[in-house]
Amino acid sequence: MNTLCRDCSALFARPPPGGRCSDCGSPRLVGHPALAELAIAHVDCDAFYATIEKRDRPELADRPVIVGGGKRGVVLACCYVARLYGVRSAMPMFKALAACPDAEVVRPDMAKYRDVGRAVREEMRRLTPLVEPVSIDEAFLDLRGTSALHGAVPAQSLARLAARVEQRLGVSLSIGLSDSKFLAKIASDLDKPRGFAVLSRVEAPSFFANRPVSLLWGVGTALERRLAADGIALIGQLVALGESELTARYGRLGGHLFRLAHGLDDRPVVAQAPARSISAETTLAQDVADLAVLTAVLRPLCERVSAHLKAARLAAGGLTLKLKTADFRLRTRSRRLAEPTQIATTMLRVTEPLLAAEADGSTAFRLVGVGASGLVDEAEADLPTLFERDLGQPRRLDAAIDAIRDRLGADALRYGAAPAATDRPPAQSLSRTGRSNRD
Ligand SMILES: [Mg+2]
């Protein structure tokens, strides 16, 4: 069993006697038979915003700290002390303060967090060019082929990364080491904070056996319910059905679940190749010239683009309205946004005037589309508006609608302006260009 000292990065062929590093005496050891070979990592900063605030205000070190906006806002991040009281991120602030009245509430400083996030990423890139950011404070790293360069196996390089980031930037990391992105992501969550967990394909089936199906990438609330209706709650039950039965029951998705349950995930780590655009469009059942009717089509399009941005953890830096006239002429009208957004209502507010300028009442259109471009990480979107009473509302409304649809299905809730179902449902499509392997 190869064993690594997470403090001095010494590597031993077998666990040192006494459970402490023979070189530095640290008890922070991690062991795994494949420790010296595994090279795909997921690196996640611990309670990122809250950790940075504690770093900058040492008097808060032992206090419960919540980063978020006033009583009407939500918790953006909370430290591990606050979590002991039941505070969680995305919780409404009034609930968080009811659970933990003594919490120190700190207003977020996004510019500062972005700077630290960039500095952490720079440290990651010193290990490998293959760094795939997932959000402001987490990334996948592919460290294959780096051992000769660093004179250290990937596990050692990662231990040094964690030590260096903690020392230089005052932020602690949790590391998941594996042979695939899927397992690395799960591993980084096993030992937080200051974690280092190893999970390889070999132990995946036993690791997953008694864990809920929701742990599998791609299993959302809807699929979880469908599986539950079929009597399947645990990943082990899924595996017991066998690949052919799973495929017969759930199609390609069944095969996907079977492979994940066996720790098989061949998505590559892709360095900085974000999706370039996400769009949705509708071909109308009849050609339409009426502005009110055309406007009613916009809302669901914006909602679909919004949903896909959120799923990809991206936000739109620009929006494009696409129209096709009855005689098949294409018109596109674009706007750059002052601030990136994921919110359907904000997209509607931008695209409605573009549409109004084109729909003169006599030109008939056969297709309407909405596209998001200039995509950026969702961490850069919509946040400041949380703290402005009137502008904060769309995001909270958006979140509430998402929550309801998540539980009850996409059609559970519609805006009054959305068109009623017709006998001839319009053709719809949604497309994405650029990379397709974000999760
Ligand atoms: Mg994090």
Side-chain angles (χ1 to χ4, degrees), residues 6 40-56 60-61 64-68 74-91 96 103 106 108-125 127 131-141 158-159 161-178 181-199 214-215 217 269 272 274 310-315 342 376-383 386 399 438-439:
R6 294 157 55 186
I40 306 294
H42 180 255
V43 177
D44 188 12
C45 299
D46 300 324
F48 189 53
Y49 304 167
T51 303
I52 294 172
E53 295 303 338
K54 287 197 173 196
R55 173 195 76 177
D56 293 349
L60 297 180
V65 168
I66 295 176
V67 178
V74 297
V75 174
L76 292 179
C78 56
C79 73
Y80 288 87
V81 181
R83 288 179 202 197
L84 295 177
Y85 292 86
V87 180
R88 296 287 179 271
S89 59
M91 188 180 259
V106 182
D109 181 347
M110 295 310 295
K112 178 165 74 172
Y113 308 151
R114 266 199 290 275
D115 284 349
V116 181
R118 264 193 288 269
V120 172
R121 207 160 287 168
E122 284 309 306
E123 292 291 347
M124 292 174 177
R125 292 207 179 94
L127 304 191
V131 175
E132 179 180 331
V134 179
S135 70
I136 189 170
D137 75 325
E138 56 179 301
F140 290 106
L141 279 67
L158 289 162
L161 172 74
R164 199 161 53 229
V165 167
E166 200 167 310
Q167 193 197 357
R168 295 192 184 167
L169 301 170
V171 170
S172 63
L173 305 180
S174 288
I175 290 164
L177 179 61
S178 183
K181 285 164 74 171
F182 171 58
L183 295 179
K185 169 100 176 153
I186 286 176
S188 71
D189 218 30
L190 295 177
D191 188 31
K192 268 181 161 297
R194 295 187 90 215
F196 197 125
V198 187
L199 180 62
S214 57
L215 202 58
W217 165 59
V269 174
Q272 286 288 19
K310 286 170 188 164
R313 297 178 169 186
L314 295 169
Q342 288 184 313
V376 298
D377 192 288
E378 66 176 354
E380 296 178 33
D382 298 313
L383 281 170
L386 261 175
R438 280 189 83 117
D439 59 349

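As the structure lists them, so they are numbered: ligands from 1, and atoms in each ligand from 1.
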Worksheet item: Is there an N/O/S atom in Asp137 that lies less than 2.8 Å from the Mg ion (ligand 1)?
Response: yes
Discussion item. Suppose we only count N/O/S atoms under 2.8 Å; would Asp46 qualify as near the Mg ion (ligand 1)?
Written reply: no
Fill in: Residues Asp115, Lys112: salt bridge by 4.0 Å N-O rule
no
Worksheet item: Below 4.5 Å, heavy atoms only, C-beta onward: do Glu138 and Phe48 meet side chain to side chain?
Response: no
Worksheet item: When Val43 is tested against each of Leu177, Asp137, Leu141 for side chain to side chain contact (heavy atoms under 4.5 Å, CB included), which residue passes?
Response: Leu141
Worksheet item: Hey, mind stepping through Arg168 and Glu122 against salt bridge (charged side-chain N to carboxylate O under 4.0 Å, His left out) and telling me if it holds?
Response: CA-CA 12 Å; Arg168 295 192 184 167; Glu122 284 309 306; over 6 Å; no
Discussion item. To make sure I understand the geometry: which N, O or S atom in Asp44 is closest to the Mg ion (ligand 1)?
Written reply: OD1
